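Quick notes on the structure that follows.
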Amino acid sequence: MKLWGGRFAKSTDKSVDDFNSSISFDSRMYKQDILGSIAHAKMLGKCGIIPEKDSELIQKTLLEILADIEKGSVEFEVDAEDIHMNIEKILISRIGDVGKRLHTGRSRNDQVALDIRMYLKDEITEIKNMLISLEKSIIELAEKHLDVIMPGYTHLQRAQPITFSHHMMAYFQMFKRDIERLEDCYKRTNVMPLGSGALAGTTYPLDRHMVAQELGFASITENSLDGVSDRDFAVELSSCLSIAMMHLSRFSEEIILWSSHEFGFVELDDAYSTGSSIMPQKKNPDVAELVRGKAGRVYGDLMALLTVMKSLPLAYNKDMQEDKEAIFDAVDTVKMCLPVFTKMIATMRIRRENMYKAAQGGFTNATDIADYLVKKGIPFRDAHEIIGKMVLYCIQNSKVIDDLTMDEFKTFSAAIEEDVYTEISLEKCVSGRNIPGGPAKESVLASIENGKKFINTL
Ligand code: ARG
């Protein structure tokens with residue numbers, strides 16, 4: 001017998017039961033559903049809408065059901081459709097008519113809106129904590145490799161020397177913004193919709209603020225239609241997660257490149273890489289590749305959510321049941337990626353000699369030599385031209401600029417003097433960029449300090 005069966009002369013076709021049912025994926029919200037119902041029942045009793053003793057029995061029984069579910073002794077039924085009706089049905093089966101009073105002044109529409117918000121609030125907090133762990137690992141890497149010089153790239157061509165710490169702290173900034181975005185999204189998720197009813201509120205004098213307080217919500221939704229029919233907080237969360245995955249995918253891509261023989265900048269720990277079933281020599285960066293791949297999956301979830309919600313008339317429509325698998329998948333995927341990614345970067349070995357060699361090899365100090373000439377009074381455009389010729393000469397003679405003799409230097413510009421050798425060293429190129437936000441040790445240390453402060457405020 002369906003909880004809504006009164007109006008129907010025939011029972012539901014089995015195929016419709018299966019099609020309509022969301023229990024296979026919304027059962028994961030059992031705890032939120034039960035806690036929401038307990039708060040609702042408590043408020044109904046307190047406001048005199050149902051007898052106080054009925055309210056107490058409902059609350060007590062719901063807690064027992066929660067314990068039984070956690071013990072694994074409860075089986076949900078497909079034809080009870082979703083988690084909301086499954087739990088209500090179990091409640092009624094245990095305490096009969098008293099249990100039938102729980103749904104007073106409530107609809108599954110505001111109930112499901114409540115459950116998802118509660119569920120996602122917890123997930124946001126969990127993901128935020130995972131991002132904080134990642135940030136801590138990044139800071140550790142940065143602190144350990146302050147003097148490790150590597151080439152910085154544009155167009156994937158060696159550009160200017162930086163340090164590995166500076167490169168790591170770039171990711172720190174990205175994940176910092178991801179954390180801030182999640183905190184912002186949390187604020188909009190932290191609004192309590194119960195009392196919106198099916199769409200038009202209710203005639204019962206519900207104390208919505210009491211329910212919000214019981215459940216730890218900051219405020220209540222201000223429009224009953226909006227309360228039941230928007231899922232923008234889920235779209236927003238999947239958008240925040242997509243951006244975080246985009247950052248993770250870029251980091252992954254670099255690790256994949258860096259661990260290749262061609263780069264040799266890092267070596268992944270054996271525990272965080274895999275072998276090939278045919279090629280005995282292989283050590284593959286599967287973890288980084290999977291994270292890179294899963295970014296696509298999370299983007300897909302965002303698209304699915306946006307498309308499900310597109311053009312839906314107010315208020316609730318059953319289409320919205322499709323929100324759950326997408327947002328759950330996005331959340332699950334990110335939660336799978338973050339811890340393993342964090343451990344992978346925390347255990348990778350940094351091959352500083354190779355980084356240094358690469359920085360030496362690609363004329364990464366060319367800009368600095370041009371700047372050297374500028375300091376000697378030559379206009380930048382002329383300096384650029386002179387150094388361009390110098391680079392060409394080096395390429396033709398298989399040299400790096402640092403190897404040129406003073407006589408060779410003089411053929412390009414009479415302004416070049418003995419101090420050129422120290423002025424264009426990689427160390428000097430880096431330490432000279434001590435502008436705030438730059439790669440010099442003091443600038444990176446300042447950004448590490450700020451980063452630590454940020455983490456401590458969370
Ligand atoms: N399982 C439904 C969902 O996830 C719950 C709300 C059902 N409401 C309704 N009016 N059929 O959206």
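Both counts, for ligands and for their atoms, begin at 1 and track the order of listing. Fair warning: this is a prediction, and the values are worked out from it, not measured in the lab.
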Using the ring-ring contact (aromatic ring centres under 6.0 Å, His included) rule, collect all pairs that involve residues 189-228, keeping only residues at least two apart or in two chains. none
Quick note, ring-ring contact (aromatic ring centres under 6.0 Å, His included) partners involving residues 52-105, not counting sequence neighbours, are none
Full working for side-chain hydrogen bond (donor to acceptor under 3.5 Å, both in side chains) between E254 and H167: CA-CA 11 Å; E254 298 208 298; H167 202 121; 2.6 Å; yes
Determine whether the aromatic ring centres of residues F265 and F164 are separated by less than 6.0 angstrom. no
Quick check on ligand 1: any N or O pairs to the protein under 3.5 Å? One line per pair.
from: ligand 1; atom 1: 1 (N); to: S22; atom 2: OG; distance (Å): 3.3
from: ligand 1; atom 1: 1 (N); to: D82; atom 2: OD2; distance (Å): 2.9
from: ligand 1; atom 1: 1 (N); to: Q321; atom 2: OE1; distance (Å): 2.7
from: ligand 1; atom 1: 4 (O); to: K324; atom 2: NZ; distance (Å): 2.5
from: ligand 1; atom 1: 8 (N); to: N109; atom 2: OD1; distance (Å): 2.9
from: ligand 1; atom 1: 10 (N); to: N109; atom 2: OD1; distance (Å): 3.0
from: ligand 1; atom 1: 12 (O); to: Y316; atom 2: OH; distance (Å): 2.5

I need the L237 CG to I124 CD1 distance, nearest 0.5 Å. 5.0 Å
Can you run down the salt bridge (Lys or Arg N to Asp or Glu O under 4.0 Å) pairs that involve residues 325-341, sequence neighbours left out, and say none if there aren't any? R28-D332, E123-K335, E126-K335, R297-D329
